[in-house]
Amino acid sequence: MSEFPRVSPFGESALLVELGDGVDLDVNARVHALAHELDTGAAGLEGLGRTVPAYASLLVPFDAAQVDDEVLTRGLLELAAAARPGPEVAGQLVEIPVRYGYDHGPDLDEVARLTGIAPDYVIEQHAAETYHVYMLGFAPGFAYLGPLPETLRVPRRAEPRLRVPAGSVAIAGAQTAVYPHVTPGGWHIIGWSDALLWDATSPEPARLRPGDRVHFVPA
Amino acid sequence: MPVFEVLDGGLLTTVQDEGRAGWGHLGVRRAGAADQLAMAAANLLAGAPIDVPVLEMTLVGPRLAVLADVTIGLAGADMEALVLEEDRALAPGRGYRLRAGTTLAFGAADDGARCYLAAGGGLDVKAVLGSASTDPVAHLGEGLDRALTAGDSIAVRDGGASTERCWPQGTASSGAMDSGPAGLAIVEGPHLSRLPTAVREALVEQEWTVSLHADRAGLRLEGDPIDEVAGIDLVSAPMIPGAVQLPPSGQPIVLMPDAPTVGGYPVPAVVAEADRPRAGQLRGGDRLRFRWIELVEARRLARRQAEHLAAVAASFA
């Protein structure tokens with residue numbers, strides 16, 4: 001009997017649904033499928049707040065005055081066990097133009113050195129994949145993308161930068177990302193994009209959303 | 001219309017309300033007043049709706065020029081506020097009528113971390129993504145990207161009480177600190193059952209000290225490290241303010257409203273909602289103790305707190 005799915009209280013006004021314990025595309029797709037059911041009301045459950053997905057888990061806020069947490073827990077366990085990705089959940093495919101290397105990718109040479117692959121091939125391999133948006137976090141509009149090809153996987157920088165320029169395209173471990181704003185950061189910067197990833201005034205503030213797919217295009 | 005002009009911003013003065021709910025899936029953190037109870041009390045004292053924007057003032061308060069007659073409410077830590085021209089001291093827990101042409105100066109809080117200033121029918125600040133709470137990393141615009149500084153002006157919506165209200169005795173807002181360590185009730189967190197059993201006892205058996213590095217993102221606690229968690233690393237999961245994280249250092253972190261929306265440290269406990277206002281008044285050097293309670297008890301405490309607030313609100317009407 002698998003220990004997943006698991007549903008636990010997260011404070012008095014939320015439940016945490018866990019579908020797994022690692023970074024796994026299939027588990028993550030099921031997280032998004034469950035989120036979609038709950039957020040669109042398809043599951044028929046009232047009194048819920050907008051869910052928050054992560055790699056293998058989903059936060060389900062609820063109004064404790066309206067909702068019986070034990071009833072909700074049972075309902076979520078059933079839905080979680082049955083959750084399967086379907087066409088209605090598929091996000092959009094987003095193409096992000098990237099200027100790789102030189103001034104735009106100060107860590108490209110270091111990544112080449114660490115991987116033993118020439119810089120041009122690092123770029124080629126990075127741009128060849130279609131990445132999945134596992135989740136957003138760390139900063140508004142910051143999407144965790146993966147999986148990165150095994151050949152490009154390097155640990156984070158020993159020393160994080162205090163300021164990563166907005167638009168920086170970076171890699172670390174099995175992930176890649178574009179930094180929407182200036183923030184500190186410890187990933188390797190291999191390029192830069194002028195794509196607008198965050199606009200708080202827009203009805204859709206984030207360009208990349210959980211469940212979307214991303215393709216980087218050398219510009 | 002502008003009612004206040006900022007002459008000096010103080011240490012960290014920001015516009016806050018109940019916070020931003022429903023945008024965590026895009027990485028937008030909750031924000032909002034760290035002491036929601038004091039925020040509500042300040043609004044009620046001013047005669048404003050309970051959830052409208054207020055100023056949250058941290059440790060050392062601002063100096064404000066009063067440009068128009070206005071009713072204000074103060075709640076939370078006592079910053080020895082003074083209306084300079086009248087040599088009038090303003091204590092928290094009351095509403096006050098201020099006159100145009102005066103200067104409202106806040107000093108430093110000796111006890112508690114935050115004081116809340118409500119005014120009129122509420123601060124007139126445009127909501128972005130459903131809230132007027134400041135968030136320096138969300139690029140919200142509309143003045144919500146930074147703390148207040150000299151030269152800023154603050155508009156206030158029409159409304160407010162016509163009399164000076166007083167918070168009933170014996171129902172002190174959480175700004176009043178008893179001597180001795182603060183107590184924070186905690187409920188079981190989603191990862192407790194996956195941690196060594198010693199962790200449950202280790203959280204409550206010692207007094208923790210709030211680090212000087214405490215801020216709106218989290219209260220770092222210092223004490224005997226809980227060694228049992230060394231080496232435990234979880235994949236990033238959603239986080240909420242109030243969560244108590246246990247990093248490999250073994251020193252807990254109580255997440256506050258500006259905590260990031262996801263994190264990879266295990267969460268053995270969550271501060272009960274009724275005690276989050278108290279957490280919002282803790283400052284570097286304060287001591288605290290956790291105590292375990294059941295979810296059912298936590299809900300009862302929160303309900304009682306809400307009923308209390310409603311009763312006071314009704315008494316003002």
Salt bridge (Lys or Arg N to Asp or Glu O under 4.0 Å) between A:Glu18 and B:Arg194, intermediate numbers included: CA-CA 13 Å; A:Glu18 294 173 271; B:Arg194 255 157 294 179; 2.8 Å; yes
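- For the pair B:Val262 and A:Phe138, the tightest heavy-atom approach, listed with the atom from each and the gap, is CG2-N, 4.0 Å.
- Other residues, nucleotides and ligands contribute more than 12 heavy atoms inside 6.0 Å of the CZ atom of B:Phe290.
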Check step by step if side-chain contact (heavy atoms from CB on, under 4.5 Å) holds for A:Trp198 and B:His139. CA-CA 8 Å; A:Trp198 177 257; B:His139 298 262; 4.2 Å; yes
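- Of the atoms belonging to B:Val28, heavy atoms from both backbone and side chain fall under 4.5 Å from chain A.
- Contact of B:Glu188 with chain A is made through the backbone alone, with heavy-atom distances under 4.5 Å.
- In terms of heavy-atom pairs under 4.5 angstrom with chain B, the leader among A:Thr51, A:Leu136, A:Asp39 is A:Leu136.
- For the options A:Pro210, A:Ala139, A:Gly49, heavy-atom pairs under 4.5 Å to chain B are most numerous at A:Ala139.
- With a 4.5 Å cut-off on non-hydrogen atoms, B:Ala302 touches chain A through its side chain but not through its backbone.
- The most heavy-atom pairs under 4.5 Å with chain A, out of B:Ala237, B:Ser236, B:Ser193, come from B:Ser236.
- Top candidate by heavy-atom pairs under 4.5 Å with chain B, chosen from A:Ser57, A:Ala143, A:Ala65, A:Pro180, is A:Ser57.
- Of all the listed residues (A:Pro53, A:Pro9, A:Ala64), the one sharing the greatest number of non-hydrogen pairs under 4.5 Å with chain B is A:Pro9.
- Only the side chain of A:Leu16 has a heavy atom closer than 4.5 Å to any heavy atom of chain B.
- Taking CE of A:Met135 as the reference point, atom CG of B:Leu26 lies at 13.0 Å (rounded to 0.5 Å).
- Chosen from B:Ile240, B:Asp135, B:Leu140, B:Val187, the residue pairing most often with chain A at heavy-atom distances under 4.5 Å is B:Ile240.
- Within a 6.0 Å radius of CD in B:Glu297, other residues, nucleotides and ligands contribute more than 12 heavy atoms.
- Atom CD of A:Gln66 is surrounded by more than 12 heavy atoms from other residues, nucleotides or ligands within 6.0 Å.
- When each of B:Gly24, B:Pro260, B:Ala138, B:Gly242 is scored by its heavy-atom pairs under 4.5 Å with chain A, the top score falls to B:Ala138.
- For A:Gln92, the CD atom is densely surrounded, since the number of other residues' heavy atoms within 6.0 Å is greater than 12.
- Interface residue A:Asp69: only side-chain heavy atoms are found under 4.5 Å from chain B.
- Of the inter-residue distances, the one linking B:Glu273 atom CD with A:Glu12 atom CD reads 4.0 Å to the nearest 0.5 angstrom.
- Rounding to the nearest 0.5 Å places CG of A:Leu59 at 9.5 Å from CE of B:Met239.
- Counting non-hydrogen atoms of other residues, nucleotides and ligands closer than 6.0 Å to CG of A:Leu93 gives a total above 12.
- In this structure, chain A has a heavy atom under 4.5 Å from the side chain of B:Val267, while its backbone stays farther away.
- For B:Ala21, no part lies under 4.5 angstrom from a heavy atom of chain A.
- The 12-atom threshold is exceeded at NE2 of A:His215, counting heavy atoms of other residues, nucleotides or ligands nearer than 6.0 Å.
- Most heavy-atom pairs under 4.5 Å with chain B: of the set A:Pro205, A:Ala35, A:Gly141, this distinction falls to A:Pro205.
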